[in-house]
Amino acid sequence: MPDRMIPETAAAVFFSIIVILAITNLVIDPYIKATNWGVNLFEFYEKNKENNKIYFIGDSQTVFGVDPVTIEKTMQSNNLSFKVYNIAYPCDSPGSRIVELDGIAESKPKIVVIGFPYFWLNPDFGLYNEGDYREIRSLLASDKIKLDLYTQSLFNKTQLNLIKMDAPSLIIYKRRFLIPGLEMMLHNLGLTKYDPVDEYFNRSGQPEFNKGMLDFKSQFDPGNNIQEPFSSSCPSGSEADNKNKRAMQHIIGYLKERGIHVIIINVPSSPYFHCQSTSDYSKTLSDFSTSVGCPYYDLLSLCPASEFKDSAHANNAGRRNITRKMAEILLIEAKNVS
C-alpha cells in the first residue's frame, strides 16, 4: 500500500466509526429507550436519588397485584413520605434480576419488597427467555452491569456473554433496530403517520400494560375478565440448594448488608390453583425467609377466585385488595426503617 494511502484509509475508517456511532446515538438508541424496559430501568436506578423509596420486585403477579400510587398515598396519609415503585417484571426470575443488583443497591431504596411466585426457589435457573436475545432485558444495558465473582459463578459462559456483551459486539447487535429507529425519527419529524413504537407495543397484545411499564409508578388496568383456571398440576416447590435459591440468598444478603430492609411476600394466587404443592411451598418460603432473616407474609390465600383474571393474575378487585394489604404491611414494616 502506498504511503499516501495509509492516512486516507485511516481517515476513512475514522469517518466510518463516527457515522456508526452517530447513527447509534441519534437513531437506534432513542428507539431502544422508547421500547426497552431494561434500558429504562438501569437509567432509573442511576438517576433516582430520592432518599425514602420502596421497590416492589417480582414477576407478573406483583406487576398486576400492586398499585404503587395507591400505596404511596396511603403512606403519605399516615405521615410517611415514601416514594413507591413497582419494578416487577413479567416472567422475571432470580437469574434475570440478580444482574441488576448493583444498580438496585446503589439507588439506595429504604425497603425492598420481594413478591415470590411459586417457582422462584425451584431448580430451573436462567435468564428470561434466553433463547430469544430480544427478550434479555439486560443485553442492551451491558455497559451498566456490574457482576461480582459470586454472581458470575451462577451463569454459564453463553449467559455471561449475553449479560456483559463487549462494546463493539453490542453496536453490531443494535443494527437490527436501525429500520424501526429510522421510522421513529421520520414519525417524530411528522414525515410519516406510521408509528413503530405503537406497532411494537400493539404486537405485545397488551399495549397499555407494556407502555406503562416504562413508568414505574403507573396504575395499570388489567381488566376484570375471569378466565378458566389452569388444568395442569401445580409445580413442586423444592428446598434443594439450587441456583435460584442461591441467587435469591445473594440478592437479599447484598441488600441487607447495605442497610436495605427486605420483606418477603408469598403472593396471592387463585384458589383454583392451590394444591398440596403450593401449601408445601408456603412452608418452604417461610423456612427460607427465616434462614435469610427477613420478615415473611404469606398472602397466598388472601383473595377469592373472583378477584383473579386467571390462575395467578389479579383483576381490578384483586389488585385493590392486594394493594390494601401491602400498604398495611408497609405501615408496620416502616417502623423498622431508620
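The structure displayed is predicted, hence computed values, not measured ones. Counting begins at 1 with the first residue of the sequence.
Rounded to the nearest 0.5 Å, atoms CG (L41) and OG (S107) are 9.0 Å apart. For the atom pair I322 CD1 and R319 CZ, the distance stands at 9.0 Å (nearest 0.5 Å). Taken from CD in E50 to CG in N52, the straight-line distance is 9.0 Å, to the nearest 0.5 Å. Rounding to the nearest 0.5 angstrom, the gap separating the CD1 atom in I172 from the OG1 atom in T24 is 10.5 Å.
Looking at N336 and E333, their side chains do bring a donor and an acceptor atom within 3.5 Å of each other. A side-chain donor from one of Y254 and D102 sits under 3.5 Å from a side-chain acceptor of the other. Checking T158 against N161 by side-chain atom types alone, no donor-acceptor pair falls below 3.5 Å.
Proximity of a side-chain donor or acceptor of E72 to a complementary backbone N or O of V69 within less than 3.5 Å is not detected. Checking side-chain atoms of S153 against main-chain N and O of Y150 turns up a donor-acceptor pair under 3.5 Å. A donor-acceptor pair is defined here as one N or O able to donate and one able to accept, closer than 3.5 Å; such a pair exists between the side chain of Q61 and the backbone of P268. Side chain of S142 to main chain of I163: a donor-acceptor pair is present (N/O by atom type, distance under 3.5 Å, no hydrogens or angles). Looking only at distances, no side-chain donor or acceptor of D59 sits under 3.5 Å from a matching main-chain atom of S93. No donor-acceptor pair under 3.5 Å is formed between the side chain of K193 and the backbone N or O of G190. Checked by atom type and distance alone, the side chain of N78 pairs as donor or acceptor with a backbone atom of T74 at under 3.5 Å. With hydrogens and angles disregarded, no donor-acceptor distance shorter than 3.5 Å links the side chain of Y31 to the backbone of M185. Listed for the H187 side chain is a donor-acceptor partner under 3.5 Å among the backbone atoms of T192.
Shortest non-hydrogen contact noted between V292 and K256 is O-NZ, 2.8 Å. Scanning both residues, M75 and L331, for their nearest heavy atoms gives CA-CD2, 4.3 Å.
Under the salt bridge (Lys or Arg N to Asp or Glu O under 4.0 Å) criterion, the residue pairs touching residues 161-174 are D29-K174, with sequence neighbours excluded.
We find that D67 and R320 are not joined by a salt bridge, their nearest charged nitrogen and carboxylate oxygen being 4.0 Å or further apart.
Scored by the side-chain contact (heavy atoms from CB on, under 4.5 Å) test, D298 finds N266, S282, Y296, L300 as partners (sequence neighbours excluded).
Taking the six-membered ring where the residue is Trp, Y85 and Y55 present perpendicular rings, their angle passing 60° and hence far from 30°. Taking the six-membered ring where the residue is Trp, F216 and F44 present tilted rings, their angle falling between 30° and 60°.
Note that K53 lies outside the cation-pi zone of F82, set by a 6.0 Å cut-off to the ring centre and a 45° limit from the axis.
For K73, the NZ atom counts as loosely surrounded, since its 6.0 Å shell holds 12 or fewer non-hydrogen atoms of other residues, nucleotides or ligands.
For the side chain to side chain donor-acceptor pair (under 3.5 Å) test with Y45, the passing option among E106, K108, E100 is E100; the others fail.
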